[in-house]
Amino acid sequence: MAEEDLIQVRREKAASLRELGVHPFGVAQPVRHTISDLLRAVPSVDDLPDEPGIAEDAPVFEIAGRVLAIRRFGKGAFLRMRDRSLEENQLFLSKAALSDRDWQVLGLTDVGDYVLARGPQFRTRRGDRALRASSFTVLTKALRPLPEKWHGLADKELRYRQRYVDLIANEDVRRVFVTRTKAIAFIRRFFDDRGFMEVETPMMHSLVSGATARPFITHHNALDLDLFMRIAPELYLKRLVVGGFERVYELGRNFRNEGLSPRHNPEFTMLEFYWAHATWNDLMELTEEMIVGLVRELGVGNPEDPLKVPCGGDVIDFTPPWPRVSMREAVLARMEGVAEADLDDVEKLRELARGQAGGDPKKEGEIERMGHGELIGFLFEETVESHLHRPTFITGFPVSVSPLARRNDEQPDIADRFELMIAGREVANAFNELGDPDDQRLRFEAQTAAREAGVEETMDYDEDYIRALEHGMPPTAGEGIGIDRLVMLLTDSPSIRDVILFPLMRPAD
RNA sequence: GGGGGCGUAGCUCAAUCUGGCAGAGCAAUGGACUCUUAAUCCAUAGGUUGAAGGUUCGAUUCCUUCCGCCCUCACCA
């Protein structure tokens with residue numbers, strides 16, 4: 001039947017409900033129990049009576065939820081429903097146990113409707129738990145049909161555009177988003193427990209800084225001012241450290257105007273935290289503790305080995321301590337025929353990099369402009385990154401690609417910075433923060449120079465941030481963790497769209 | 001933005017290669033049935049084959065353009 005006709009039939013049922021005095025889109029009424037309560041009240045089905053054995057004074061439960069299936073047979077029916085506890089239960093509706101009106105209401109009930117039922121629990125002849133309804137009504141009429149009961153909603157486009165249907169139809173999708181919510185709650189608790197203060201900084205910025213990415217532009221009418229949606233909260237959070245909030249975190253959305261992919265959504269959730277009187281080594285320990293805690297708390301690992309987590313048909317071992325490897329060491333171990341001395345020879349590195357460019361003229365052009373550290377970084381990305389499976393801290397980032405990170409005291413062209421790689425993906429990025437306002441000024445100037453030389457993604461020079469540093473920031477380490485990517489790992493999701501409730505889609509029409 | 005794939009009933013899928021009346025299951029409608037579990041049985045109805053154009057006696061099928069989605073490369077987290 002055509003969609004309009006299916007809807008028309010249900011509209012007519014809604015009208016019939018009104019005639020029976022049942023508002024098809026009624027006002028809320030108290031609901032005393034959840035389906036979880038039913039299970040908790042009598043944990044074992046064996047302890048329930050059969051239908052004839054239901055006692056006069058048996059406890060009456062009152063549950064409300066969405067109808068998932070109806071099986072009618074003459075003067076009786078079984079109806080499967082799910083409620084806010086996300087548990088499912090059966091109702092048994094018999095003409096004998098219901099008022100005439102409630103029986104008529106059942107005749108006007110479709111899969112997808114929200115219903116309210118009261119009655120005692122019992123055990124069916126097949127040994128299942130069910131509620132025998134002594135009263136039954138429709139709370140909300142669904143005008144549209146749900147997807148097919150066996151296959152559910154499979155079309156990815158419909159699943160992302162109509163997530164409400166996806167959530168009704170697909171259990172694994174519900175599970176992913178429950179896990180996401182639990183992960184975020186865990187992270188907040190983790191930082192709160194350690195004396196970190198959650199703060200909210202502006203999402204509309206007048207400068208583009210804190211990361212290198214192209215921004216979204218928006219406009220404030222009253223001030224006639226173009227603003228950028230933030231690409232990172234970093235510089236505001238460090239201003240707060242200057243202000244004396246020595247442990248701060250922000251868990252929120254960033255916006256980057258770049259391509260979409262299974263690992264990139266234009267708006268994504270990031271955790272950033274700053275910890276005064278700590279170093280990047282402390283951050284590695286804290287990160288390890290937090291993610292191991294998450295994996296344990298959420299129970300996403302194998303039952304017999306909770307730190308081995310299935311991911312993309314493979315298994316990731318989260319058992320600490322995680323390896324800490326410099327990009328130099330990683331490249332040396334990975335690339336055959338490369339000697340340690342070669343890594344100090346810029347021209348030799350450039351030659352190796354050309355060999356990895358695969359004839360791509362754009363890459364080759366970039367290679368010619370790269371310095372020593374950037375060349376090692378390039379070789380790392382080309383040869384090592386995708387092979388890093390278990391959680392690994394990568395260090396040895398050049399200062400030139402780390403404009404907000406403190407220099408290493410022994411190796412001034414290397415930043416005290418690490419990235420955490422898991423399953424070939426970057427999950428976290430952290431460093432000792434640069435507190436020297438004069439050095440920070442030089443870094444901003446280098447960014448400005450790079451922009452003038454044609455580099456598209458550079459940071460704006462933030463004069464007020466320098467001013468803040470001139471007031472003195474305590475020695476601080478800071479980190480950003482991509483929450484969506486972390487949730488992808490925890491839920492074995494191949495695409496970022498599977499862990500974002502409403503991923504960006506082109507308008508359908 | 002480049003390359004590849006996909007789009008058929010409300011949903012899940014056939015038919016497309018090799019052009020010849022567009023089909024099934026679920027859902028829906030009418031009927032039978034007081035223990036179903038993807039209930040069963042009988043009957044009925046449901047289509048702008050993503051859109052537009054072209055080739056052809058004839059197009060879901062072949063060609064072109066456009067729209068949307070997926071994968072991939074590039075940029076990035």
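These numbers come from the heavy atoms of this one structure, side chains and all, not from hydrogens, waters or symmetry mates. In what follows, every chain begins at residue 1, and chains take the letters A, B, ... in the order their sequences are listed.
Using a 4.0 Å heavy-atom criterion, one finds that A/Gly74 contacts the bases of the nucleic acid, with or without backbone contacts as well. A/Arg214 comes within 4.0 angstrom of no nucleic acid atom, judged by non-hydrogen atoms across all strands. Base engagement by A/Asn265 is indicated by at least one non-hydrogen atom pair under 4.0 Å involving a base atom. At a threshold of 4.0 angstrom between heavy atoms, the contacts of A/Met270 with the nucleic acid are absent. Across all strands, A/Ala96 comes closer than 4.0 Å to base atoms (heavy-atom distances). Note on A/Arg132: nothing from the nucleic acid sits closer than 4.0 angstrom, heavy atoms only.
In this entry the distance linking CD1 of A/Ile70 with C1' of B/C35 reads 16 Å, nearest Å. Atom CD of A/Glu381 is separated from atom C1' of B/C73 by 15 Å (rounded to the nearest Å). Regarding A/Leu504, its CG atom lies at a distance of 13 Å from the C1' atom of B/C69, rounded to whole Å. Protein atom CD1 of A/Ile7 is 14 Å distant from nucleotide atom C1' of B/G46, rounded to whole Å. Distance CD (A/Glu385) to C1' (B/C73): 16 Å, rounded to an integer number of Å. A straight line from CZ of A/Phe216 to C1' of B/C75 spans 13 Å, rounded to a whole angstrom. One interatomic measurement links the two molecules: CD of A/Glu258 to P of B/C73, which rounds to 16 Å at whole-angstrom precision. When rounded to the nearest whole Å, the span between CD1 of A/Ile496 and C1' of B/U72 equals 17 Å.
For A/Thr124 and A/Gln90, the side-chain atoms include no donor-acceptor pair closer than 3.5 Å.
Close to B/C33, at under 4.0 Å from its OP1 or OP2, lies no side-chain N or O of A/Lys75. Taking 4.0 angstrom as the limit, A/Arg263 places none of its side-chain polar atoms (N or O) nearer than this to OP1 or OP2 of B/A74. OP1 or OP2 of B/U29 sits under 4.0 Å from a side-chain N or O of A/Lys13. Contact between the side-chain N/O atoms of A/Arg71 and the OP1/OP2 oxygens of B/C35 is not found at any separation under 4.0 Å.
Ring geometry, A/Trp275 versus A/Phe196: the interplanar angle exceeds 60°, so the pair is classed perpendicular (tilted spans 30 to 60°). Using cut-offs of 30° and 60° on the angle between ring planes, the pair A/Phe73 and A/Phe78 is tilted.
Here A/Phe444 pairs with A/Tyr461 under the ring-ring contact (aromatic ring centres under 6.0 Å, His included) rule; sequence neighbours left out. For the salt bridge (Lys or Arg N to Asp or Glu O under 4.0 Å) test, no residue two or more places apart in sequence or in another chain qualifies with A/Asp416. Residues passing the side-chain contact (heavy atoms from CB on, under 4.5 Å) test with A/Glu198 are A/Arg188, A/Tyr249, A/Leu251, sequence neighbours excluded.
Within a 6.0 Å radius of CZ in A/Arg253, no more than 12 heavy atoms belonging to other residues, nucleotides or ligands are found. For A/Arg101, the CZ atom counts as densely surrounded, since its 6.0 Å shell holds more than 12 non-hydrogen atoms of other residues, nucleotides or ligands. A 6.0 Å sphere centred on CZ of A/Arg214 holds no more than 12 heavy atoms belonging to other residues, nucleotides or ligands. Within a 6.0 Å sphere centred on CE of A/Met204, other residues, nucleotides and ligands contribute 12 heavy atoms or fewer.
Pairing for B/C26 is with B/G10, a Watson-Crick or G-U wobble pair whose two hydrogen-bonding atom distances lie under 3.5 Å. Partner assigned to B/A32 is B/U40, using Watson-Crick or G-U wobble distances below 3.5 angstrom. Across every strand in view, B/G1 sits in a pair with B/C73 that passes the Watson-Crick or G-U test at under 3.5 angstrom. Remark: B/U61 base-pairs with no nucleotide; criterion is Watson-Crick or G-U wobble with both hydrogen-bond distances under 3.5 Å. The pairing partner recorded for B/A15 is none, the criterion being a Watson-Crick or G-U wobble arrangement whose two distances lie under 3.5 angstrom. Across the strands present, B/G47 finds no partner; the criterion is a Watson-Crick or G-U wobble pair with both atom distances under 3.5 angstrom.
Side-chain proximity of A/Glu157 to the nucleotides B/C75, B/C69, B/C35 is greatest for B/C69. The nucleotide whose nearest atom lies closest to any side-chain atom of A/Arg497 is, among B/U34, B/A38, B/C71, B/C71.
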Report each atom pair, protein N/O against N/O of nucleotides 8-14 of chain B, whose distance is under 3.5 angstrom.
unit_1: B/G10; atom_1: OP1; unit_2: A/Glu3; atom_2: N; d: 3.2
unit_1: B/G10; atom_1: N7; unit_2: A/Met1; atom_2: O; d: 3.2
unit_1: B/C11; atom_1: O2'; unit_2: A/Glu148; atom_2: N; d: 3.1
unit_1: B/C11; atom_1: O2'; unit_2: A/Gly152; atom_2: O; d: 3.1
unit_1: B/U12; atom_1: OP1; unit_2: A/Ala154; atom_2: N; d: 3.1
unit_1: B/U12; atom_1: OP1; unit_2: A/Asp155; atom_2: N; d: 2.9
unit_1: B/U12; atom_1: O2'; unit_2: A/His151; atom_2: ND1; d: 3.4

What's touching nucleotides 1-3 of chain B from the protein side, N or O pairs under 3.5 Å?
none

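Between B/C57 and B/G46, the two C1' atoms lie 31 Å apart (nearest whole Å). Distance noted for atom C1' between B/G25 and B/A9: 12 Å (whole Å). Across the C1' atoms, B/U61 and B/U56 are found 13 Å apart, a figure rounded to whole Å.
In this structure, A/Lys95 and A/Thr212 both approach RNA chain B, and ranking their closest nucleotides by distance from the 5' end singles out A/Lys95. Ranked by how close their nearest RNA chain B nucleotide is to the 5' end, A/Gln90 and A/Val111 are led by A/Val111.
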Which pairs would a plain distance check flag for residues 388-399 of chain A, meaning a side-chain donor or acceptor within less than 3.5 Å of a matching protein atom at least two apart in sequence or in another chain?
unit_1: A/Arg390; atom_1: NH2; unit_2: A/Thr319; atom_2: O; d: 2.9
unit_1: A/Thr392; atom_1: OG1; unit_2: A/Arg390; atom_2: O; d: 2.8

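Taking 4.0 Å as the cut-off between side-chain N and carboxylate O, A/Arg230 and A/Glu250 count as a salt-bridged pair.
Contact annotation: side chain of A/Glu457 to base of B/C75, donor-acceptor pair absent below 3.5 Å.
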